[in-house]
J.: 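Dumping the structure here so I can ask a few things about it.
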Amino acid sequence: MSPTEEVWWKKWDNAAKAMDFMNKGVELRFGDQKRQWFSRAKGRTLLVAVGTGLDLQYFPQELQLVGIDISWKMLEKAKEKKESSDSKTQLVRADAELLGFADHAFDTVVASCTFCSVPNPVKGLQEVRRVLKPGGKLIMFEHVRSNIFWMGPMMDWMTKVTRRFGPDLNRRTRANILQAGFQLTREINLYLDMVKFFEAVNQKKCPN
Ligand SMILES: C[S@@+](CC[C@H](N)C(=O)[O-])C[C@H]1O[C@@H](n2cnc3c(N)ncnc32)[C@H](O)[C@@H]1O
């Protein structure tokens, strides 16, 4: 890992302290919808970028869930939540761009404000596709770059600042999903065209 990359993932260690507080509004606004959407996860499920574990509450207790994250500090906080909730979720430190799991190891992959943060989202999504069974589902809750004419350029500009401490605001996630070789089956706007649910299927032939 190069020194620059090391600095990159340490920003997430720093962000871990304030994450629960910063996300309170998101959970209040979208929590019920997340619970409904994430309940579509079936079988062995990978949660990519578990963060501090705020989303663990939205999954059925009996689900075989594996949560990964690049940041040790995020994982420490997720572990506290897991222990206080009796959840059987397995927590593992891993890079979304280089997942240490076998091909086709999961029935479902869930991502929640993940591909705004992974440095190379297409590489990460191709890796997700590798570990998903053919026909397996990718379920995502993500904020994306708006197509509203003045909003998109403003998000590009704001990202120059936000990416120093946290996520990019201008990811073109729909295009990234398609570029990674997924078949997009659903796209639902939750707030304007900026906060969305996506559902995609791993088509049978993996190009990577
Ligand atoms: C905006 S936070 C979202 C956390 C959580 N999903 C939530 O919604 O509360 C982004 C997360 O992505 C993680 N992350 C960033 N790059 C990653 C990578 N390459 N592999 C795994 N996790 C990564 C960060 O550590 C952080 O926990």
Side-chain angles (χ1 to χ4, degrees), residues 1-2 4-35 37-38 41 45-59 65-82 85 87 89-101 106 109-131 138-144 155 158-159 161-171 173 176 180 190-191 194-198:
M1 185 176 279
S2 76
T4 347
E5 282 170 317
E6 196 168 326
V7 168
W8 159 75
W9 67 258
K10 282 198 173 150
K11 91 173 172 187
W12 292 109
D13 272 0
N14 294 332
K17 289 179 212 111
M19 184 67 83
D20 287 0
F21 177 74
M22 301 283 283
N23 274 3
K24 269 208 167 98
V26 176
E27 302 316 314
L28 274 173
R29 172 74 175 77
F30 299 112
D32 287 345
Q33 285 157 298
K34 280 194 198 184
R35 189 183 309 282
W37 196 248
F38 294 166
T45 299
L46 177 67
L47 174 57
V48 186
V50 60
T52 61
L54 282 168
D55 286 325
L56 295 178
Q57 60 184 314
Y58 303 129
F59 291 90
L65 189 64
V66 179
I68 67 112
D69 205 282
I70 195 83
S71 154
W72 287 113
K73 298 274 184 216
M74 293 280 183
L75 287 168
E76 270 168 27
K77 290 192 173 274
K79 189 165 171 254
E80 285 165 19
K81 292 197 187 62
K82 173 192 125 127
S85 74
S87 148
T89 304
Q90 232 184 304
L91 296 172
V92 180
R93 183 176 186 258
D95 184 343
E97 293 179 23
L98 198 70
L99 292 166
F101 300 103
F106 294 94
V109 175
V110 177
S112 177
C113 294
T114 297
F115 288 98
C116 54
S117 304
V118 169
N120 183 336
V122 173
K123 196 170 168 204
L125 284 160
Q126 283 172 338
E127 190 59 352
V128 161
R129 203 170 153 222
R130 181 186 67 76
V131 301
L138 168 64
I139 294 168
M140 300 167 83
F141 168 76
E142 297 283 349
H143 60 85
V144 301
M155 290 169 115
M158 285 166 71
T159 294
V161 179
T162 61
R163 70 158 46 139
R164 293 188 193 178
F165 314 100
D168 287 9
L169 302 182
N170 62 348
R171 292 288 171 94
T173 302
N176 294 340
L190 298 174
Y191 177 69
M194 290 189 280
V195 182
K196 292 182 184 247
F197 281 134
F198 295 99

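For ligands, and for the atoms within them, numbers begin at 1 and follow the listed sequence. Worth knowing before you read on, the calculation uses all heavy atoms, side chains too, and leaves out hydrogens, waters and symmetry mates.
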J.: So which protein heavy atom does atom 19 (N) of ligand 1 come closest to, and at what separation?
T.: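 Of every protein heavy atom, D95 OD1, 2.8 Å lies nearest to atom 19 (N) of ligand 1.
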J.: Just need the protein heavy atom nearest to atom 9 (O) of ligand 1, so name the residue and atom and give the distance.
T.: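 For this ligand atom, the closest protein heavy atom is N23 ND2, 3.5 Å.
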J.: Give me the ring orientation class for F59 and F38: parallel if the planes are under 30° apart, tilted from 30 to 60°, perpendicular past 60°.
T.: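 Rings of F59 and F38: parallel, as their planes differ by under 30°.
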J.: Less than 4.0 Å between a side-chain N and a carboxylate O, is that true for D20 and K81?
T.: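 Salt bridge: yes.
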J.: More than 12 foreign heavy atoms under 6.0 Å from CG of N14: is that the case here?
T.: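 It does: N14 CG has more than 12 such atoms within range.
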J.: Is a side-chain N or O of T162 found less than 3.5 angstrom from the main chain of D168, in a donor-acceptor match?
T.: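 Flag not set: sc T162 to bb D168 has no pair under 3.5 Å.
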J.: Please evaluate residues L46 and V128 with respect to the criterion side-chain contact (heavy atoms from CB on, under 4.5 Å), reporting the C-alpha separation (whole Å), side-chain torsions for both, the decisive distance (0.1 Å), and the verdict.
T.: CA-CA 9 Å; L46 177 67; V128 161; 5.5 Å; no
J.: Of all the non-hydrogen atoms in the protein, which one sits nearest to atom 4 (C) of ligand 1, and at what distance?
T.: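 Protein heavy atom with the smallest distance to atom 4 (C) of ligand 1: G51 CA, 3.7 Å.
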J.: How close does the nearest protein non-hydrogen atom get to atom 15 (C) of ligand 1, and which residue and atom is it?
T.: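 Here the nearest protein heavy atom works out to W12 NE1, 3.6 Å.
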J.: So does R130 pair up with E127, basic N to acidic O under 4.0 Å?
T.: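 E127 and R130: salt-bridged.
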J.: Backbone or side chain, does any N or O of A96 fall under 3.5 Å from an N or O of ligand 1?
T.: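 A96 vs ligand 1: N/O contact under 3.5 Å present.
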J.: Please examine the side chains of W72 and R93, heavy atoms only from C-beta on, and report whether any two atoms are closer than 4.5 Å.
T.: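 The answer is yes, as the side chains (C-beta and beyond) meet within the 4.5 Å cut-off.
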J.: Which ligand 1 atoms, with their elements, are less than 4.0 angstrom from a heavy-atom of C113?
T.: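 Counting atoms of ligand 1 from 1, those under 4.0 Å from C113 are 1 (C), 2 (S), 3 (C), 8 (O), 10 (C).
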J.: With a 4.0 Å heavy-atom cut-off (strictly under), which part of V48 contacts ligand 1: side chain, backbone, both or neither?
T.: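 V48 to ligand 1: no contact under 4.0 Å from either part.
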J.: Could you tell me whether the side chain of V26 reaches within less than 4.5 Å of the side chain of F141, counting heavy atoms only?
T.: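 Heavy-atom side-chain distance check passes, below 4.5 Å.
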J.: Specify the protein heavy atom at minimum distance from atom 12 (O) of ligand 1: its residue, its atom name, and the distance to 0.1 Å.
T.: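 The closest heavy atom on the protein side is A49 CB, 3.4 Å.
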J.: Look at the aromatic rings of F197 and W37 and report parallel, tilted or perpendicular, splitting at 30° and 60°.
T.: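 Correct class here is parallel.
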J.: Could you tell me the residue and atom name of the protein heavy atom closest to atom 25 (O) of ligand 1, and the distance to it rounded to 0.1 Å?
T.: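 The protein heavy atom lying closest is D69 OD1, 2.5 Å.
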J.: Which ligand 1 atoms are under 4.0 Å away from a heavy-atom of S71?
T.: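 Counting atoms of ligand 1 from 1, those under 4.0 Å from S71 are 25 (O).
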J.: Give a yes/no verdict on whether any heavy atom in A94 is under 4.0 Å from an atom of ligand 1.
T.: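 Judged by the 4.0 Å heavy-atom criterion, A94 does count as contacting ligand 1.
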J.: Among all protein heavy atoms, pick out the one at the shortest distance from atom 2 (S) of ligand 1; state its residue, atom name and that distance to 0.1 Å.
T.: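 The answer is M19 CE, 3.6 Å.
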J.: Heavy-atom contacts under 4.0 Å between S112 and ligand 1: side chain, backbone, both, or neither?
T.: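 Both of them.
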J.: Report the nearest protein non-hydrogen atom to atom 22 (N) of ligand 1: residue, atom name, distance rounded to 0.1 Å.
T.: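 Result: I70 N, 3.2 Å.
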